[in-house]
Each structure stands twice: as C-alpha cells, then as structure tokens.
Amino acid sequence: MNKQDFLAAIRENLNDMPEDDIATSLDYYEEMLNERMESGMTEEEAIRDMESVDEITSQILAERPLARVIKENIKEKMKPSRTLKVWEIVLIVLGSPLWISLLAAGLAILLALVIVALSLYMVAWTLVGVLWIVMASIGLSAVAAIGAGFACLFTGKGMMALLCFGTGLLCAGLAILMYFLALLATKGLAKGTAGLWRVIFGKRNK
Amino acid sequence: MDIQLKRGLLDVCVLAAIKNHDSYGYQIIKDITPYVAVSESTLYPILRRLEGAECLTVRSEEYNGRLRKYYHITPAGRERISEFIEDWKEIESIYQFITREENSDE
C-alpha cells in the first residue's frame, strides 16, 4: 500500500463526516507518515509502522460528539429531493404528447370504473325498492281478498268467501314474509354502504 | 494503566508537552511516551478536544517543503495544568488513605 491508498482508505471510512473534519484528520496522519519518512523510513515502512486504518478511523469516529452524530444523521435523511437537470426537463416536454395521452386514457378508464360502480350501487337499491313494492302489492292483494271475502259472506256465497279469505290469508302471510325480506335487504345494503365508506374515508379520522 | 485514569491524565500531559515551547504531533508523542503510552490515534482526538476547549491553538508552518502543524498553549490551557496540580494534592491524600488502610488491617 502506498501513502495515497492509505489516506484514501481513511477517507473512505470517514465518509459521512463533514469535509473539514475529514481534511483535518488526513492532514494529521499524512504529517505522521512524513515525519517517519524523514527519519529514514521508506513509504511502506512508514505505513507499516502506523496503526491500521480501522484502528485510526474507529478512534476518530468514536470521539465525535453525540450531538454532531445525530445532526449528521438527520441531515442525511432530510436531504431535499434533487432538482431536475436541463436534459431531464427537455425529455419530459418532448415526450409529453405520449405521456399526456396515456395519462388521460388512464384517468378516463378510472372514471368509467367509478361510474360503473356507482351505477351498480343504484341498481342494488332499485332491487331493494322492488322488494318493498312487491310486499306492498301482495299486502294490498291480501286486503282486497279479505274485503272480497266479507262481501261474499254478506251476499251469501259461502264457498266463495272461504276461497277469498284463504287467498287473503295466504297473501297476508306472503306480504309479512316480504316485509322481513325487504327490511333485511335494506339494512344489509345500508350497513354495507356505511362500512365501505369508513374503509375508504373513515380511517383518516382516527 | 487503568483506562479511565489514563484518559484524565493524557489531556494534561499533552498540555504540559507544549507548556514551555510550541510543538508538533510527532514530537509530542515522543515526549510523552516515556511516561505514558499514547498512540497517534489516541493523540488526535485529544488535540481536537483541547483545541475545542480553547486550551491550545494550531498553526501550520512550512518545514522541509511540507506543512507541519504546531500547537501552542493558551492561558486556559495553563489554567488546566494548574487545576490538575491542585487535584493532585487530593489524589495524594486519597492514595495515603488507600495504602494506610491496607496496613492497619494487619
């Protein structure tokens, strides 16, 4: 190893330190090498007579005040994002027809997907609405059938009345069933919507 | 020597080496070594620390076609040496205590 390599090795280990400190350290150790060479040693002998690069640099690094070490580490992590070079800007502008249209296409697809999702959501509510309407119509039919039953009773058509009452009761039962079905569907869809909402937006409130 | 003890002594040793005349790194080590072993990598942070504490100043002088750093003691540095000498009296009496204790146990 020659003098330059020795000093370069020290510099490498001290990499994160401020330049001033590195320069001072190198000056010191170069001076030590020169003193030896002046008292007769060759460059190689002088380097061998010195401590190892690791011993030297670990001593220097160990002596740094803690505040400085922390400051240096923070500076490293908070380095500002680099500014664009001239050729990078030129390239971006030249390529703009391509990436602008790609971007627009991507956004359009995204928008279409959102619209489709919303439409499906509206369809879901429509179906729930249909359940309620079916319940209502069966319910009305029940009322009508029972009413007809009473009418038949008063006009003496016993069998007819029985038929009407029977149908009426059947419809009433179906209507009640439909009511619960529709209610379940409504609650389910509502809860599902709220849950999805919180997943997308709600977490920010935490 | 115990490392902790050594640490306290070396700073003052270095100051004492430049007490009567300015000196440079290599020479300081040669002056101190007969009394306490100190390597170049140990001396370097000491010099930096003393400079930071304004106990010495540094200047570069040309010597044989290259630059050599000379260290010069300041009044604050001399003060440090005086404080050490004062402390030594205390150390001396503690030493008496430690060695006397051994004898009185017999």
Side-chain angles (χ1 to χ4, degrees), chain A residues 1-4 6-14 16-72, chain B residues 1-15 17-18 21-34 36-73 80:
Chain A
M1 197 195 272
N2 67 18
K3 187 165 106 170
Q4 289 314 315
F6 181 75
L7 294 173
I10 295 179
R11 169 181 279 280
E12 211 185 291
N13 284 7
L14 300 180
D16 290 332
M17 279 177 52
E19 186 56 41
D20 287 346
D21 292 350
I22 299 180
T24 316
S25 315
L26 291 174
D27 283 348
Y28 176 84
Y29 285 100
E30 185 173 3
E31 192 180 307
M32 292 297 171
L33 281 171
N34 289 336
E35 302 284 358
R36 283 178 170 77
M37 292 193 288
E38 253 165 49
S39 52
M41 293 192 211
T42 65
E43 204 172 275
E44 281 211 11
E45 287 170 342
I47 290 172
R48 259 182 303 197
D49 196 49
M50 302 273 283
E51 296 159 272
S52 75
V53 170
D54 285 334
E55 279 170 320
I56 290 173
T57 51
S58 51
Q59 266 284 23
I60 297 173
L61 292 169
E63 282 284 334
R64 274 188 306 166
L66 186 62
R68 269 250 202 126
V69 174
I70 293 174
K71 206 169 41 153
E72 279 164 21
Chain B
M1 191 195 292
D2 177 58
I3 291 182
Q4 302 287 18
L5 265 179
K6 199 169 170 180
R7 238 181 155 233
L9 291 173
L10 278 178
D11 285 23
V12 199
C13 269
V14 170
L15 287 172
I18 58 174
H21 53 78
D22 293 357
S23 190
Y24 54 98
Y26 199 60
Q27 185 60 45
I28 293 175
I29 291 182
K30 288 229 292 257
D31 292 342
I32 296 180
T33 300
V36 56
V38 56
S39 66
E40 281 151 355
S41 64
T42 313
L43 178 65
Y44 179 70
I46 293 175
L47 289 170
R48 297 279 283 164
R49 204 163 46 233
L50 289 172
E51 189 186 350
E54 291 177 349
C55 289
L56 56 77
T57 56
V58 194
R59 70 173 193 280
S60 293
E61 249 183 42
E62 223 212 274
Y63 175 83
N64 268 8
R66 61 176 175 92
L67 285 179
R68 200 192 238 169
K69 287 211 172 124
Y70 283 87
Y71 302 94
H72 172 83
I73 196 171
R80 230 3 147 82

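Reckoned from all heavy atoms, side chains included, excluding hydrogens, waters and symmetry mates.
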Those residues at least two apart in sequence (or on a different chain) that pass side-chain contact (heavy atoms from CB on, under 4.5 Å) with B/K30 are B/Y26, B/Q27
I need the contact set between residues 19-26 of chain A and chain B: heavy-atom distance under 4.5 Å, sorted by residue number. A/D21, A/T24, A/S25
Shortest non-hydrogen contact from A/E31 to B/Y24? OE2-CB, 4.2 Å
Proximity breakdown for B/T42 and chain A, heavy-atom pairs closer than 4.5 Å: both
From B/Y63 atom OH to A/N34 atom CG, the distance as rounded to the nearest 0.5 Å: 11.0 Å
Counting only non-hydrogen atoms closer than 4.5 Å, does A/E38 touch chain B with its backbone (N, CA, C, O), its side chain (CB onward), both, or neither? side chain
Approximate separation, where rounding is to 0.5 Å, of B/L43 CG and A/M32 CE: 5.5 Å
Stepwise, does the side-chain hydrogen bond (donor to acceptor under 3.5 Å, both in side chains) test hold for B/S41 with A/E55? CA-CA 7 Å; B/S41 64; A/E55 279 170 320; over 6 Å; no
Set of residues satisfying side-chain hydrogen bond (donor to acceptor under 3.5 Å, both in side chains) with respect to B/S23, sequence neighbours excluded: none
Output for pair (B/R66 CZ, A/D27 CG), nearest 0.5 Å, gives 11.5 Å
Let me know if B/R68 has heavy atoms under 4.5 Å from chain A in its side chain, its backbone, both or neither. both
Closest approach of A/Q59 and B/P45, non-hydrogen atoms and distance? OE1-CG, 4.2 Å
B/L67 versus chain A, the contacting section by heavy-atom distance below 4.5 Å: backbone
What residues form a salt bridge (Lys or Arg N to Asp or Glu O under 4.0 Å) with B/E61, not counting sequence neighbours? B/R59
Got a salt bridge between B/R49 and A/E63, using NZ or NE/NH1/NH2 to carboxylate O under 4.0 Å? yes
